Asker: 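One structure follows; several queries about it will come next.
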Amino acid sequence: MAASRHRSLRRTATVAATLAAVALTAGLTTGCDAVDKALDCVRTADAIADSVTELQQAVENTSDPTQWEESLDSIDKNLDKIGDQTDNTDVNKAVDDLGKAVDNVRTSVENGDETPDLSPVTDAAGELTKVCTP
C-alpha cells in the first residue's frame with residue numbers, strides 16, 4: 001500500500017511538473033512574441049523615419065514629384081507592415097494619423113503643390129516612433 005501511494009505521489013509530482021513547464025513555456029512564448037512585435041514596430045518606425053527624411057530631402061532638392069511619390073509609397077508600405085503586426089491602440093492611432101498625413105501630402109502633390117507642408121507627416125512619424133519605443 002505504501003508503494004502504491006508513493007507511485008501516486010510521484011505521478012502527481014510528474015504531472016504537476018509537466019503542467020508547470022507547459023505554463024512557463026507558454027508564458028515565455030507570449031512574452032517573446034510581445035518583445036518581437038515591439039522590436040518589429042521599432043524597426044519599422046525607424047524605416048518610416050528614414051522614408052520621411054528622404055521625402056523631406058526630395059522636396060527640398062528636386063521639383064520631381066515622382067521622387068516624392070516614391071517616398072510616400074515607402075511610408076505607406078511600412079505603415080501597412082506595422083498595422084499588420086500590432087493590436088496596440090496607441091500604435092494603431094499613430095499609424096492612422098501618419099497615413100492621413102501622407103494622404104494629405106499626396107493629394108497636395110497631385111493638385112500641383114510644389115511645396116507641400118510636410119510638418120504633419122514629420123509630427124505623426126515622431127509620434128509613431130514614440131509609441132513604438134518599448
Side-chain angles (χ1 to χ4, degrees):
M1 190 143 143
S4 174
R5 189 170 31 184
H6 184 65
R7 272 183 275 173
S8 177
L9 287 174
R10 191 177 332 158
R11 189 175 316 135
T12 302
T14 302
V15 169
T18 302
L19 289 174
V22 168
L24 179 61
T25 302
L28 291 175
T29 302
T30 303
C32 288
D33 287 347
V35 170
D36 286 343
K37 283 185 178 183
L39 288 174
D40 287 342
C41 185
V42 169
R43 286 184 202 112
T44 306
D46 188 45
I48 288 172
D50 290 344
S51 297
V52 169
T53 300
E54 290 170 9
L55 174 62
Q56 289 172 318
Q57 291 171 347
V59 169
E60 290 171 6
N61 298 326
T62 183
S63 59
D64 181 7
T66 58
Q67 288 186 357
W68 305 349
E69 283 290 326
E70 289 174 14
S71 295
L72 293 169
D73 290 344
S74 177
I75 295 168
D76 277 338
K77 179 181 170 189
N78 284 314
L79 285 175
D80 289 342
K81 187 175 178 183
I82 288 180
D84 292 343
Q85 293 173 345
T86 187
D87 56 0
N88 181 295
T89 308
D90 293 333
V91 172
N92 284 328
K93 182 182 180 328
V95 166
D96 290 345
D97 290 347
L98 183 51
K100 289 175 189 171
V102 167
D103 289 344
N104 289 338
V105 169
R106 190 181 308 276
T107 300
S108 294
V109 170
E110 288 170 356
N111 290 334
D113 188 350
E114 294 181 9
T115 56
D117 180 13
L118 302 181
S119 60
V121 173
T122 57
D123 292 347
E127 182 63 24
L128 178 61
T129 300
K130 186 172 94 178
V131 297
C132 277
T133 303

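Below, all heavy atoms of this structure are taken into account, side chains as well, without hydrogens, waters or symmetry copies. Bear in mind the structure is a predicted one, so any value in this text is a computation, not a measurement.
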Asker: Checking side chain to side chain contact (heavy atoms under 4.5 Å, CB included) between I82 and each of V42, N92, V95, L98, which is the one that passes?
Answerer: V95

Asker: Considering only heavy atoms from C-beta outward, does the side chain of L118 approach that of V59 to under 4.5 Å?
Answerer: yes

Asker: What salt bridge (Lys or Arg N to Asp or Glu O under 4.0 Å) pairs are there with at least one residue in residues 111-122, not counting sequence neighbours?
Answerer: none

Asker: Which pair of non-hydrogen atoms, one from P116 and one from W68, has the smallest distance, and what is that distance?
Answerer: CD-CZ3, 4.0 Å

Asker: To the nearest 0.5 Å, what is the distance between CD1 on I48 and NZ on K77?
Answerer: 11.5 Å

Asker: Where do D64 and T66 come nearest, in terms of heavy atoms and distance?
Answerer: OD1-OG1, 2.6 Å

Asker: Which of these passes side chain to side chain donor-acceptor pair (under 3.5 Å) with K93: D96, D90, D97, T89?
Answerer: D97

Asker: Using the rule given for side-chain contact (heavy atoms from CB on, under 4.5 Å), can you reason through V102 versus L55, listing the C-alpha separation, both sets of side-chain angles and the distance that settles it, and then say yes or no?
Answerer: CA-CA 10 Å; V102 167; L55 174 62; over 6 Å; no

Asker: Just by distance, do the side chain of T129 and the backbone of A125 share a donor-acceptor pair under 3.5 Å?
Answerer: yes

Asker: Please say which of D50, V52, D80 ends up in a side chain to side chain contact (heavy atoms under 4.5 Å, CB included) with I75.
Answerer: V52

Asker: Roughly how far, to the nearest 0.5 Å, is CD of Q56 from OG of S71?
Answerer: 10.0 Å

Asker: Does any non-hydrogen side-chain atom of P120 lie less than 4.5 Å from one of N104?
Answerer: no

Asker: Could you work out, with side-chain contact (heavy atoms from CB on, under 4.5 Å) as the rule, every residue matching D73, not counting sequence neighbours?
Answerer: E69, R106

